[in-house]
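Working notes, beginning with the structure itself.
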Amino acid sequence: MPQHSPDPTPPAAGAHVPLLRNYVGGQWIETETRFDDINPVDGSVVAQVCEAGQAVVDHAVAAAKTAMAGAWGRTTAEARAQALRRIADGIERRFDAFVAAEIADTGKDAAHARTIDIPRAIANFRAFADQVATAHGDCFESTTPDGLGALNYTINKPLGVVGIISPWNLPLLLLTWKVAPALACGNAVIAKPSEETPYSATLLAEVIDEIGLPPGTFNLVHGFGPNSAGGFLSTHDGVDAITFTGASATGTAIMRAAAQTVKPISFELGGKNASLIFADADFEEAVTGTLRSAFSNCGQVCLCTERVYVERPIFEKFVQALRQRTEQIRIGSPYEQGVTMGPLISAEHRAKVLSYFDLAVAEGARVVTGGNVPTFGDERDRGYFVAPTIWTGLSDNARCMQEEIFGPVCHITPFDTEEDAVKAANGTRYGLATALWTSNLKRAHRLAPRMETGIVWVNTWFLRDLRTPFGGVKLSGVGREGGRHSLAFYSEPTNICIKL
Ligand code: NAD
Ligand code: 6OD
């Protein structure tokens, strides 16, 4: 029987609060130190979580090393691909429980969890099963002075024990985006989900337990960053690599910690993403696309557009169209029909977003819509909602135009020339994603390579093919994951040279 399955309905007041435990060496580990997992819709407690201290992390590292030295370390790529497919099937079988867990932890709208978060987690395992099953290495015939030659070929070995530290915004999607390729390449994994969203990761551990991977192959430790599971993992001598998704400032701290033992790192960090909308774009598609790119998941996607640049002839019309569509967004609880925007993740994060609402006004923004906290007259008033917000009138060097806000907010600026648009789009320290909206093919090809971002979407946003390189430049990340790029990070190539 599953040990932590949440109901697919809102938790009833006074209902039993489950205990989420660590999963180490194939065992569920309870600890005395616990923290609350909070539902951001009304501030209620979803679960109690057992925090992993140094001893539990040490135990996880030892268990992972034992797995690598044992059966898991000797699996073939095909066997690992089959294991990944069984994990995908296991998530699919418990689809509703995963959706309910994700909603309970994040308050995100149900359609998002049902159509993006959980399906993508399943797809991550299937995509990397396919990748590893068809992977091949280089082989070179070399010339030698004696004329007999040599054969050089490359084998890809696992890195060893991989620490995975993930954020709260797309909890299972982003965790499995790294767990799947790490396991595919034959590593043992220690996953640390965000303290805000421990539930779906715990269900994942249950699925992995059910399918019976060798003990220690997948370990789950709960907790926070510094002086907790995240910090212990990134400084641990026995952890061979760290892959991290989260804020750029956290990336700096983890990079510093990982430097002590020269661990390979892969970082997917923050963004301050721009959209450029040209007058020749399909207007309706650009408005709908921008609505999605600015406000999906309550603006809590690293790829979300916070800076929109619109060619001057259509600027006023675009601002009004986006305002109208934004004012139609239905905010509320994910358990209500028709709601398309939930709350922010926490009281702390809402305080940060609201501080930017105040700062924008102080910096001279015109508030086109939003800028406030909605009220409901019921328990949702204890939740962490803010209204989707549009600003105009800020200069490009305003703090609200330079710092990642990570909420449902965008600023719209007019531009006159392509050069102005490119300069403005590239004018931040971040470099994750850009969206170009134009029907001029030459312009799209001309501008896309000039964007200082790891990803450029043309006439779309967040359209993913899991074989493509994903990542950012500047403050937005180090390295690329996706397809063969993930296989490259999660494995250690060894060249074997045979003299013939
Ligand atoms: P965060 O950096 O605060 O936390 C992410 C994870 O790191 C959590 O598990 C946290 O416990 C852990 N952590 C925090 N401090 C740590 C430390 N010193 N050592 C080790 N672990 C530590 O990020 P968040 O608030 O959870 O997520 C939002 C941020 O993540 C935004 O900046 C967003 O842009 C970014 N993000 C980026 C991507 C991407 O693909 N580029 C994807 C999603 C989110
Ligand atoms: O789609 C992905 O693979 C991915 N890493 C998305 C990141 C979204 C950021 O919040």
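Numbering of ligands and ligand atoms starts at 1, following listing order. As a basis for the values below, the full set of heavy atoms in this structure was taken, side chains included, without hydrogen atoms, waters or symmetry mates.
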Practice task
Measure centre to centre between the rings of Trp177 and Phe125, then say whether the value is under 6.0 Å.
Solution key: no
Practice task
Return the residue, atom name and 0.1 Å-rounded distance of the protein heavy atom closest to atom 6 (C) of ligand 1.
Solution key: Ser166 O, 3.4 Å
Problem - Charged N-O contact under 4.0 Å between Lys263 and Asp240 - result: no
Practice task
Fit a plane to each ring of Phe462 and Trp457, take the angle between them on a 0 to 90° scale, and name the class: parallel (under 30°), tilted (30 to 60°) or perpendicular (over 60°).
Solution key: tilted
Handout entry: Min N/O separation Thr250 to ligand 1 under 3.5 Å
Key = yes
Problem - Pair Asp89 + Arg126, salt bridge at N-O below 4.0 Å - result: yes
Completion exercise
Quick note on ligand 1: atoms under 4.0 Å from a heavy atom of Thr245 include exactly 5 (C), 37 (C), 38 (C), 39 (C), 40 (O), 42 (C), 43 (C), 44 (C)
Handout entry: side-chain contact (heavy atoms from CB on, under 4.5 Å) partner of Phe244, the single match among Leu269, Val478, Ile265, Leu233
Key = Leu269
Practice task
Name the closest protein heavy atom to atom 28 (C) of ligand 1, giving the residue it belongs to and the distance to 0.1 Å.
Solution key: Phe406 CE2, 3.6 Å
Handout entry: Numbering as shown, the atoms of ligand 2 that approach Leu174 to under 4.0 Å (heavy-atom distance)
Key = 4 (C), 5 (N), 6 (C), 7 (C)
Exercise for the section: Report yes if some N/O of Glu404 lies less than 3.5 Å from some N/O of ligand 1; otherwise report no. Expected result: yes
Practice task
Have a look at Gly230, Ala253, Gly270, Ala258 and point out the one with the heavy atom closest to atom 21 (N) of ligand 1.
Solution key: Gly230
Problem - Derivation of the ring-ring contact (aromatic ring centres under 6.0 Å, His included) call for Trp437 and Tyr309 - result: CA-CA 10 Å; Trp437 296 89; Tyr309 295 93; over 10 Å; no
Fill in the blank from the handout: Closest to atom 22 (C) of ligand 1 among protein heavy atoms sits Gly225 CA, 3.4 Å
Exercise for the section: Answer yes or no: does atom CZ of Arg467 have more than 12 heavy-atom neighbours from other residues, nucleotides or ligands under 6.0 Å? Expected result: no
Problem - Shortest protein contact, atom 19 (N) of ligand 1 (heavy atom only) - result: Ile254 CG1, 3.6 Å
Practice task
In sequence, state the C-alpha distance, the side-chain angles, and the governing distance for Leu322 and Leu291, and then conclude on side chain to side chain contact (heavy atoms under 4.5 Å, CB included).
Solution key: CA-CA 7 Å; Leu322 193 68; Leu291 190 80; 4.1 Å; yes
Fill in the blank from the handout: Per-atom filter on ligand 1: closer than 4.0 angstrom to a heavy atom of Phe244 are 2 (O), 5 (C), 6 (C), 7 (O)
Fill in the blank from the handout: Atoms of ligand 1 under 4.0 Å from any heavy atom of Pro193, numbered from 1 in the order shown, are 9 (O)
Exercise for the section: Before accepting this row, confirm whether a basic side-chain N of the pair Arg114/Asp96 lies closer than 4.0 Å to the acidic partner's carboxylate O. Expected result: yes
Problem - Under-4.0 Å heavy-atom contact with ligand 1, by part of Val301 that carries it - result: neither
Handout entry: Gln300 and ligand 2 - part of the residue with a heavy-atom distance under 4.0 Å
Key = neither
Exercise for the section: Quick one: look at Asn169 and ligand 1, take heavy-atom pairs under 4.0 Å, and tell me if it's side chain, backbone, both or neither. Expected result: side chain
Fill in the blank from the handout: For atom 4 (C) of ligand 2, the closest protein heavy atom turns out to be Phe470 CZ, 3.5 Å
Practice task
Could you say whether the N/O atoms of Glu195 and ligand 1 ever approach to under 3.5 Å?
Solution key: yes
Practice task
State, yes or no, whether a side-chain contact exists between Met255 and Phe267 at a heavy-atom distance under 4.5 Å.
Solution key: yes
Practice task
Verify whether one side chain among Thr235 and Gln260 offers a donor that lies under 3.5 Å from an acceptor in the other.
Solution key: no
Problem - Proximal atoms of ligand 2 relative to Leu170 (non-hydrogen, under 4.0 Å) - result: 8 (C), 10 (O)
Problem - Shortest protein contact, atom 41 (N) of ligand 1 (heavy atom only) - result: Leu269 O, 2.5 Å
Exercise for the section: Within a distance under 4.0 Å of any heavy atom of Arg120, pick out the atoms of ligand 2 and give their elements. Expected result: 1 (O), 2 (C), 3 (O)
Practice task
Run the numbers for me: atoms of ligand 1, each under 4.0 Å from some heavy atom of Gly231, listed by number.
Solution key: 19 (N), 20 (C)
Practice task
Compute the ring centroids of Tyr199 and Phe98, then answer whether they are less than 6.0 Å apart.
Solution key: no
Problem - Pair Arg34 + Glu51: basic N to acidic O under 4.0 Å - result: no
Practice task
Just let me know how Leu174 lines up against ligand 1, side chain, backbone, both or neither, with a heavy-atom cut-off below 4.0 Å.
Solution key: side chain
Handout entry: Contact check, side chains of Leu19 and Glu30, non-hydrogen atoms, under 4.5 Å
Key = yes
Fill in the blank from the handout: Among non-hydrogen protein atoms, atom 25 (O) of ligand 1 lies closest to Trp168 NE1, 2.8 Å
Exercise for the section: May I ask you to identify the nearest protein heavy atom to atom 39 (C) of ligand 1, giving residue, atom name and distance to one decimal place in Å? Expected result: Cys302 SG, 3.1 Å
Practice task
Could you verify whether a donor N or O on one side chain and an acceptor N or O on the other, from Tyr23 and Asp209, lie under 3.5 Å apart?
Solution key: yes
Completion exercise
Checking heavy atoms under 4.0 Å, the part of Phe470 that sits near ligand 1 is side chain
Problem - Structural part of Thr245 in contact with ligand 2, heavy atom criterion under 4.0 angstrom - result: neither
Handout entry: Ser248 touching ligand 1 at heavy-atom level, < 4.0 angstrom
Key = no
Handout entry: Shortest protein heavy-atom distance from atom 2 (C) of ligand 2, along with the residue and atom involved
Key = Arg464 NE, 3.2 Å
Handout entry: Proximal candidate to atom 8 (C) of ligand 2 [heavy atom criterion; set Cys302, Ser486, Cys304]
Key = Cys302
Exercise for the section: May I ask whether Pro226 places a heavy atom under 4.0 Å from ligand 1? Expected result: yes
Exercise for the section: Give a yes-or-no answer on whether the side chains of Arg325 and Thr288 include a donor-acceptor pair shorter than 3.5 Å. Expected result: yes
Handout entry: Closest protein heavy atom (residue, atom, distance) for atom 12 (C) of ligand 1
Key = Ile165 CG2, 3.6 Å
Problem - Any N/O pair Lys192/ligand 1 closer than 3.5 Å - result: yes
Practice task
Give a yes-or-no answer on whether the side chains of Asn124 and Thr176 include a donor-acceptor pair shorter than 3.5 Å.
Solution key: yes
Exercise for the section: Mark up the atoms of ligand 2 that fall under 4.0 Å of a heavy atom belonging to Glu268, in ascending order. Expected result: 5 (N)
Handout entry: ligand 2 contact on Leu466 by region, counting heavy-atom pairs under 4.0 Å
Key = neither
Exercise for the section: Please say which of Ser228, Cys50, Pro198 ends up in a side-chain contact (heavy atoms from CB on, under 4.5 Å) with His222. Expected result: Pro198
Exercise for the section: Using protein heavy atoms only, decide if any is under 4.0 Å from atom 9 (O) of ligand 1. Expected result: yes
Fill in the blank from the handout: Under 4.0 Å between heavy atoms, the region of Glu481 that gets near ligand 2 turns out to be neither
Exercise for the section: Classify the ring geometry between Phe406 and His349 as parallel (under 30°), tilted (30 to 60°) or perpendicular (over 60°). Expected result: perpendicular
Handout entry: Ionic contact status for Lys272 with Glu403, cut-off 4.0 Å
Key = no
Practice task
Enumerate the atoms of ligand 2 whose separation from the nearest heavy atom of Asn169 is less than 4.0 angstrom.
Solution key: 9 (C), 10 (O)
